[in-house]
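What follows is a set of notes on a single structure, which appears directly below.
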There are 2 protein chains.
Amino acid sequence: MKSSNLYKGSLTTIILKLLNEHDKMYGYEIAQKVKELTKGELKITEGALYPSLHKLEAEGFLDVEVLKVDNRMRKYYKLTEEGTRETVKKLSELEQYITTMRALVNPKFRIG
Amino acid sequence: MKSSNLYKGSLTTIILKLLNEHDKMYGYEIAQKVKELTKGELKITEGALYPSLHKLEAEGFLDVEVLKVDNRMRKYYKLTEEGTRETVKKLSELEQYITTMRALVNPKFRIG
DNA sequence: TCTTATGCATAATAATCTTATGTATGTATT
DNA sequence: AATACATACATAAGATTATTATGCATAAGA
């Protein structure tokens, strides 16, 4: 989604957390939200976003509802109960990742 | 390298930073160091480590010196000048990544 | 002797993302 | 009227990165 490939593997976490905060969102909206919240720093591409949403749905983490608004289709996604649990898990993995990377990269954050 | 796939894309950053701190290291040593510094949280696999070192060398970021110690081969890697510049770049990308992810995931860290 | 540790390497496969392309509607600009 | 841009979905080809499995070789410990 960006020049830096550190974002690889983060998309699922981002999607789940946004849905956790906003209850119900559609794909295009998620992409706009990410751009807005990161001040344009991170732009998620459609080629990554839509397959990722489909996968989360297939895994039972999202429910879908298709609506037509202004004569345009929108697929609204919302977290299932299992999706909420997965969100919690992903967020703690992110915290763990940051802790671990700080320990590796910043001597003053070394563990123990 | 771990269950959480957030680490995907981080290996280069880790290698460069460790070499920046330790001047000269060989592959196996890097793997051990990572395990030690993260208290076993992160284990980098050989199948990821060695190709990554070869790539960094091919890109001109690392110089190699082969030594035989205790009748065992060791390939010592050290940063080139370009490699040092790349390290600085990768570390700032990591800080940017953390800032961006916090903005997305933690409302109280929102940018602006 | 067999396992574990040290030390390198690569091939097959999987996961994730980029780039490119396609469809369709609505709005703004020239 | 024509062109560009925004909205909204989708997928296929290719690249990147990592996992898993395997291989070679030496040394130490049970």
Side-chain angles (χ1 to χ4, degrees), chain A residues 1-16 24-36 40 42-59 61-62 64-77 90 93-94 97 100-101, chain B residues 1-16 24-36 40 42-59 61-62 64-77 90 93-94 97 100-101:
Chain A
M1 0 180 174
K2 254 239 23 177
S3 54
S4 158
N5 44 13
L6 290 173
Y7 292 95
K8 205 171 290 236
S10 309
L11 182 55
T12 297
T13 306
I14 293 168
I15 292 172
L16 289 176
K24 192 165 102 168
M25 296 182 90
Y26 56 100
Y28 190 81
E29 187 185 11
I30 292 172
Q32 298 305 309
K33 200 63 168 176
V34 168
K35 209 194 295 181
E36 174 203 329
L42 183 57
K43 285 162 193 155
I44 68 182
T45 61
E46 298 166 300
L49 176 61
Y50 293 113
S52 189
L53 286 170
H54 300 163
K55 197 190 171 206
L56 286 168
E57 186 197 348
E59 288 169 329
F61 297 138
L62 302 184
V64 193
E65 185 192 358
V66 180
L67 293 183
K68 202 147 191 176
V69 179
D70 293 332
N71 204 31
R72 277 203 206 87
M73 180 181 53
R74 286 182 184 171
K75 286 182 75 174
Y76 278 96
Y77 292 92
K90 288 288 183 189
E93 281 179 4
L94 177 60
Y97 169 81
T100 299
M101 287 303 284
Chain B
M1 359 181 175
K2 253 237 28 179
S3 53
S4 157
N5 45 12
L6 291 173
Y7 291 96
K8 205 169 290 233
S10 310
L11 182 55
T12 298
T13 306
I14 292 169
I15 292 172
L16 290 176
K24 192 166 101 172
M25 296 181 90
Y26 55 101
Y28 189 82
E29 187 185 10
I30 291 173
Q32 298 305 308
K33 201 62 169 178
V34 168
K35 207 194 295 178
E36 176 202 328
L42 182 58
K43 285 162 194 157
I44 67 182
T45 60
E46 298 166 299
L49 177 59
Y50 292 114
S52 189
L53 286 169
H54 300 162
K55 196 188 173 206
L56 287 168
E57 186 197 347
E59 290 169 327
F61 298 138
L62 301 183
V64 193
E65 187 192 357
V66 181
L67 292 182
K68 202 147 191 178
V69 179
D70 293 332
N71 205 31
R72 278 202 206 86
M73 180 181 54
R74 285 183 186 171
K75 286 182 75 173
Y76 277 95
Y77 292 91
K90 287 288 182 188
E93 281 179 5
L94 177 59
Y97 169 82
T100 299
M101 288 302 286

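The figures here come from the full heavy-atom set of this structure, side chains too, leaving out hydrogens, waters and symmetry mates.
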Could you state the interatomic distance from [atom1] ([X]) to [atom2] ([Y]), rounded to the nearest 0.5 Å?
X: B/Lys8; Y: A/Tyr97; atom1: NZ; atom2: OH; value: 13.0 Å
X: B/Leu11; Y: B/Lys55; atom1: CG; atom2: NZ; value: 10.5 Å
X: B/Tyr26; Y: B/Gln32; atom1: OH; atom2: CD; value: 8.0 Å

Please state whether the phosphate of [N], meaning OP1 or OP2, lies under 4.0 angstrom from any side-chain nitrogen or oxygen of [X].
X: A/Asn5; N: C/dC17; value: no
X: A/Lys75; N: D/dA10; value: yes
X: A/His54; N: D/dC9; value: no
X: A/Tyr50; N: D/dA10; value: no
X: B/Lys55; N: D/dT17; value: yes

With a 4.0 Å cut-off on heavy atoms, is [X] in touch with a base, just the backbone sugar-phosphate, or nothing at all?
X: B/Arg74; answer: sugar-phosphate
X: A/Glu29; answer: nothing
X: A/Gly27; answer: sugar-phosphate

Nearest whole angstrom, please: distance from the [atom2] of [N] to the [atom1] of [X].
X: A/Lys35; N: D/dA8; atom1: NZ; atom2: C1'; value: 13 Å
X: B/Met73; N: D/dA27; atom1: CE; atom2: P; value: 14 Å
X: A/Tyr28; N: D/dC5; atom1: OH; atom2: P; value: 13 Å
X: A/Lys68; N: D/dT7; atom1: NZ; atom2: P; value: 19 Å
X: A/Asn71; N: C/dT23; atom1: CG; atom2: C1'; value: 14 Å
X: A/Leu11; N: D/dT16; atom1: CG; atom2: P; value: 20 Å
X: A/Asp70; N: D/dC9; atom1: CG; atom2: C1'; value: 16 Å
X: B/Ile44; N: D/dT20; atom1: CD1; atom2: P; value: 15 Å

*Heavy-atom side-chain contact between A/Val34 and A/Lys43 under 4.5 Å*: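 A/Val34 does not reach A/Lys43 side chain to side chain.
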Listed nucleotide nearest any side-chain atom of [X], set [options]:
X: B/Pro51; options: C/dT6, C/dT10, D/dA8; answer: C/dT10
X: B/Lys8; options: D/dA10, C/dT16, D/dA6; answer: C/dT16
X: A/Tyr77; options: C/dT6, D/dT22, D/dA10; answer: D/dA10
X: A/Tyr26; options: D/dA8, C/dC8, C/dT10; answer: D/dA8
X: B/Glu46; options: D/dA8, D/dT17, C/dC8; answer: C/dC8

_With a 3.5 Å limit on both atom pairs, tell me what D/dA30 is paired to, counting Watson-Crick and G-U wobble, or say none._
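Answer to the pairing question: C/dT1, which forms a Watson-Crick or G-U pair with D/dA30.
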*For residues B/Glu65 and B/Lys24, report the shortest heavy-atom separation together with the two atoms involved.*
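Taking B/Glu65 first and B/Lys24 second, the nearest heavy atoms are OE1-NZ, 3.7 Å.
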*Between B/Gly47 and A/Val69, which is nearer to the 5' end of DNA chain D once each is assigned its nearest nucleotide?*
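The 5'-side residue here is A/Val69.
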*For A/Ser10 and A/Tyr7, indicate whether the former's side chain and the latter's backbone hold a donor-acceptor pair under 3.5 Å.*
yes
